[in-house]
Amino acid sequence: GQQLNQSPQSMFIQEGEDVSMNCTSSSIFNTWLWYKQEPGEGPVLLIALYKAGELTSNGRLTAQFGITRKDSFLNISASIPSDVGIYFCAGFAGGTSYGKLTFGQGTILTVHP
Amino acid sequence: GAVVSQHPSRVICKSGTSVKIECRSLDFQATTMFWYRQFPKQSLMLMATSNEGSKATYEQGVEKDKFLINHASLTLSTLTVTSAHPEDSSFYICSAEGQRGQPQHFGDGTRLSIL
């Protein structure tokens, strides 16, 4: 089945630093999504990307849908302690509705004040 | 924005008990809902896809008689873990697909602990 390779698996950074994480796939996705999950809670949608090459920002977060449609990255600028959590990429391969998502393994982000 | 409510948030019960988890879309109609299981520090594992008014589609390796799913309305899906055992202890999360073209929104999960 389809798989998403997300890296890095974990990051330990200082407050104020920028963060970058990415997901790659061996197959094409039509939609890329980035979610953040905090302990004991469900994932929360951060950014949705619908077109190859699309670059979208949400506050300090920026994500891009790769031109090949096989990858996406998420950047967080000027990190703050509340950015701590697990970040997941997710892809949808096709069809007219969202249907099943394929998730990356997650990136655990720790921000030291 | 789209809100998905999941209840209960935490359940602790004895082995052999059946446990029902509810997933509701509060401000939109969800023709499709999804049930996931998540182990600590791991990704979400899709268990089944639930379509309103029809039988759920289970992923390979998920026992349909063990994890009963009912999607009786456009705003409610339930997952019942039947005769739960300690190995069923996990974090269960639902999500709902709202309007066509919109991404899935997730509930806050249910922490199930079987003693």
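Just the heavy atoms: all of them, side chains too, but no hydrogens, waters or symmetry mates, feed the values below. Below, read A as the first sequence line, B as the second, and so on, with proteins coming before strands; counting in each chain starts at 1. Computed from a predicted model, the values in this text were never measured in an experiment.
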Answer key: most heavy-atom pairs under 4.5 Å with chain B among A/Gly40, A/Gly106, A/Ser10 is A/Gly40
Who in residues 85-96 of chain B is close to chain A, using a strict under-4.5 Å heavy-atom cut-off? B/Phe91, B/Ile93
In Å and rounded to the nearest 0.5 Å, what is the CD1 to CD distance from A/Ile86 to B/Gln38? 6.5 Å
If the contact rule is any heavy atom under 4.5 Å from chain A, which residues of residues 9-20 of chain B qualify, in numerical order? none
When clusters are formed by joining ILVMFWY residues with side-chain heavy atoms under 4.5 Å apart, either directly or through shared neighbours, do B/Ile21 and B/Ile69 land in the same one? yes
A/Met21 with A/Leu49, same ILVMFWY side-chain cluster at under 4.5 Å: yes
Less than 4.5 Å to any heavy atom of chain B: does that hold for the side chain of A/Glu41, its backbone, both, or neither? both
What residues of residues 43-62 of chain B make heavy-atom contacts with chain A at a cutoff under 4.5 angstrom? B/Ser43, B/Leu44, B/Leu46, B/Thr49, B/Glu59
Membership question, hydrophobic clusters at under 4.5 Å side-chain separation (ILVMFWY): are B/Val4 and B/Leu112 in the same one? no
Separation between NZ (A/Lys100) and OG1 (B/Thr32), nearest 0.5 Å, reads 12.5 Å
Over 12 foreign heavy atoms within 6.0 Å of CD, A/Glu17: yes
So for A/Glu38, is it side chain, backbone, both, or neither that comes closer than 4.5 Å to the heavy atoms of chain B? neither
Compare all side-chain heavy atoms of B/Pro103 with those of A/Trp32 and state whether any distance is below 4.5 angstrom. no
Holding to ring pair (Phe, Tyr, Trp, His ring centres under 6.0 Å), I want the full list of residues that pass it with A/Tyr35, two or more places apart in sequence or in another chain. B/Phe106
When you group the ILVMFWY residues by side-chain heavy-atom contacts below 4.5 Å and let the links chain together, are A/Leu61 and A/Trp34 in the same group? yes
To the nearest 0.5 Å, atom NZ of B/Lys41 lies from atom CD1 of A/Ile108 at 5.5 Å
Counting only heavy atoms from other residues, nucleotides and ligands, does the tally under 6.0 Å from NE2 of A/His112 exceed 12? yes
Hydrophobic clusters here meaning ILVMFWY residues chained together by side-chain heavy-atom distances under 4.5 Å, can you tell me if A/Phe103 and B/Trp35 are in one? no
